[in-house]
Structures are given as structure tokens and as C-alpha cells.
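Heads up: the structure comes next, in C-alpha cells.
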Amino acid sequence: MKKLSIIIGLFLFAAISMNINAQSSQETLSQILELSKAKKFSEAAALIAYDGPNESKKLQAAYNPNDENELNSVKRICKKIKALIDISDSYEIGNPNETKEDGVDWTVIEVSFKSGNQNLKTIFSFVKVDDKFLLGDID
């Protein structure tokens with residue numbers, strides 16, 4: 001009986017630890033929105049999937065903030081996000097949906113940026129890399 005309690009305890013500890021380490025696409029999106037608003041580009045780089053000329057790295061790793069060209073790409077993405085936030089009074093993050101396109105598994109989240117009576121819907125698409133969601137596209 002004591003062994004069973006220990007095994008159950010270890011199992012629960014492992015499950016809780018995995019939940020703490022595993023970050024949802026919505027949490028990643030919230031962080032990216034905040035980092036973009038604060039112009040923290042180097043920190044945001046770790047949450048955005050590489051989409052440059054290196055095909056072996058494309059959508060397989062995050063941008064490297066120590067590479068000037070990659071950091072410039074992150075700045076461009078974050079400034080686009082910040083512009084959406086700046087023109088809005090508020091925004092609402094929708095629920096994630098799974099889809100597959102061109103052999104890539106995507107998690108897409110619609111964000112409604114609201115300004116007065118206007119509502120600008122923007123799709124944020126995430127890829128999962130090493131149990132971490134990375135922003136891969138904005139439409």
C-alpha cells in the first residue's frame with residue numbers, strides 16, 4: 001500500500017511539473033502581445049518561429065536575438081503587433097483551433113482588436129517546437 005501511494009505521488013508530481021513547463025498557445029500569444037507592446041524584441045524572439053532563408057531552421061526553431069538580421073525580423077513582427085494594439089481600445093483572444101496546411105500542424109487563434117464599433121479580426125498561427133508554441137504567422 002505504501003508503494004502504491006509513493007507511485008501515485010510521483011505520478012501526480014510529474015503531471016503537475018509537465019503542466020507547469022508546457023505552455024499553451026494562448027499563454028504564448030499573451031506574452032507576445034505584452035512583449036510587443038513593451039518593445040522587448042530580444043525576449044519576444046524566443047516565442048517566434050524562424051521564417052528566414054535557412055530552410056533547415058524554418059518553423060523548426062525560434063529566432064536568435066543575437067543575430068542582427070533575425071532580430072530585425074522579430075522587430076518587424078512585433079511592431080506590426082504593437083500597431084494593432086495601439087489602434088485598438090481593447091482586444092479579445094479567442095479559443096485555439098487545430099489545422100494542417102502544407103504538411104504543417106498549426107494552432108490558430110483569432111484575436112479581435114476592438115476600436116469603437118469596429119472590430120479587426122486577426123489570425124495568429126502557432127507551430128509546436130519541442131513542446132513549446134512559437135508564433136509562425138499573422139494574417
Side-chain angles (χ1 to χ4, degrees):
M1 187 69 164
K2 199 171 199 180
K3 285 183 181 180
L4 181 60
S5 295
I6 291 171
I7 291 171
I8 291 172
L10 288 173
F11 177 75
L12 290 174
F13 177 75
I16 291 169
S17 295
M18 287 188 334
N19 281 340
I20 290 171
N21 291 331
Q23 188 171 35
S24 75
S25 54
Q26 288 174 310
E27 290 169 329
T28 300
L29 176 56
S30 293
Q31 284 184 324
I32 289 171
L33 291 170
E34 290 303 313
L35 292 171
S36 295
K37 193 165 43 173
K39 298 181 181 179
K40 294 185 177 182
F41 307 122
S42 292
E43 291 176 43
L47 302 174
I48 303 173
Y50 176 85
D51 192 22
N54 183 343
E55 289 296 323
S56 66
K57 191 176 171 183
K58 193 171 190 170
L59 299 178
Q60 300 298 313
Y63 277 105
N64 176 0
N66 298 319
D67 180 298
E68 186 177 341
N69 290 329
E70 291 188 31
L71 185 59
N72 284 336
S73 294
V74 171
K75 286 179 183 178
R76 181 183 46 77
I77 293 164
C78 289
K79 286 179 180 181
K80 179 179 180 178
I81 294 168
K82 185 177 181 320
L84 289 168
I85 294 168
D86 286 347
I87 63 169
S88 305
D89 301 324
S90 64
Y91 58 86
E92 184 177 312
I93 298 173
N95 292 320
N97 293 303
E98 306 294 323
T99 187
K100 189 168 192 154
E101 186 177 315
D102 297 328
V104 178
D105 292 324
W106 295 96
T107 300
V108 295
I109 301 174
E110 183 178 273
V111 178
S112 296
F113 291 94
K114 300 174 184 182
S115 180
N117 292 335
Q118 295 183 340
N119 203 4
L120 177 62
K121 294 180 187 273
T122 305
I123 302 295
F124 289 77
S125 300
F126 295 85
V127 293
K128 197 166 190 180
V129 177
D130 298 329
D131 292 330
K132 183 177 179 181
F133 285 97
L134 300 177
L135 177 64
D137 193 28
I138 304 171
D139 288 323

Practice prompt. With side chain to side chain contact (heavy atoms under 4.5 Å, CB included) as the test, would you mind laying out the steps for Leu29 and Phe126 before giving the verdict?
Written response: CA-CA 9 Å; Leu29 176 56; Phe126 295 85; 3.6 Å; yes
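- Taking the side chain to side chain donor-acceptor pair (under 3.5 Å) definition, one finds that Thr107 meets it with Glu98, sequence neighbours left out.
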Practice prompt. Applying side chain to side chain contact (heavy atoms under 4.5 Å, CB included), run through Lys128 and Asp105 and close with a yes or a no.
Written response: CA-CA 8 Å; Lys128 197 166 190 180; Asp105 292 324; over 6 Å; no
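- Going from atom CD of Glu27 over to atom CD1 of Ile93 covers 10.5 Å, rounded to the nearest 0.5 Å.
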Practice prompt. Go through the steps to decide whether Leu120 and Ser88 satisfy the test side chain to side chain contact (heavy atoms under 4.5 Å, CB included), and finish with yes or no.
Written response: CA-CA 9 Å; Leu120 177 62; Ser88 305; over 6 Å; no
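- No donor-acceptor pair closer than 3.5 Å links the side chain of Ser112 to the backbone N or O of Asn119.
- Across every non-hydrogen atom of Asp51 and Tyr63, the tightest pair is N-OH, 3.1 Å.
- Not counting sequence neighbours, the partners of Lys114 by the side chain to side chain donor-acceptor pair (under 3.5 Å) test are Glu92.
- In this structure, Lys132 contributes its side chain and Thr28 its backbone to no donor-acceptor pair below 3.5 Å.
- Of the residues Leu35, Ile48, Ile77, Leu71, the one that meets the side chain to side chain contact (heavy atoms under 4.5 Å, CB included) test with Phe41 is Leu71.
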Fill in: Phe124 vs Ile81, side chain to side chain contact (heavy atoms under 4.5 Å, CB included): CA-CA, chis, key distance, verdict
CA-CA 10 Å; Phe124 289 77; Ile81 294 168; 4.0 Å; yes
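- Residues Glu101 and Val108 fail the side-chain proximity criterion, which asks for heavy atoms closer than 4.5 Å.
- With sequence neighbours excluded, the residues forming a side chain to side chain donor-acceptor pair (under 3.5 Å) with Asn54 are Ser56, listed by chain and number.
- Residues Leu135 and Leu59 are members of separate hydrophobic clusters, defined by side-chain heavy-atom contacts under 4.5 angstrom among Ile, Leu, Val, Met, Phe, Trp and Tyr.
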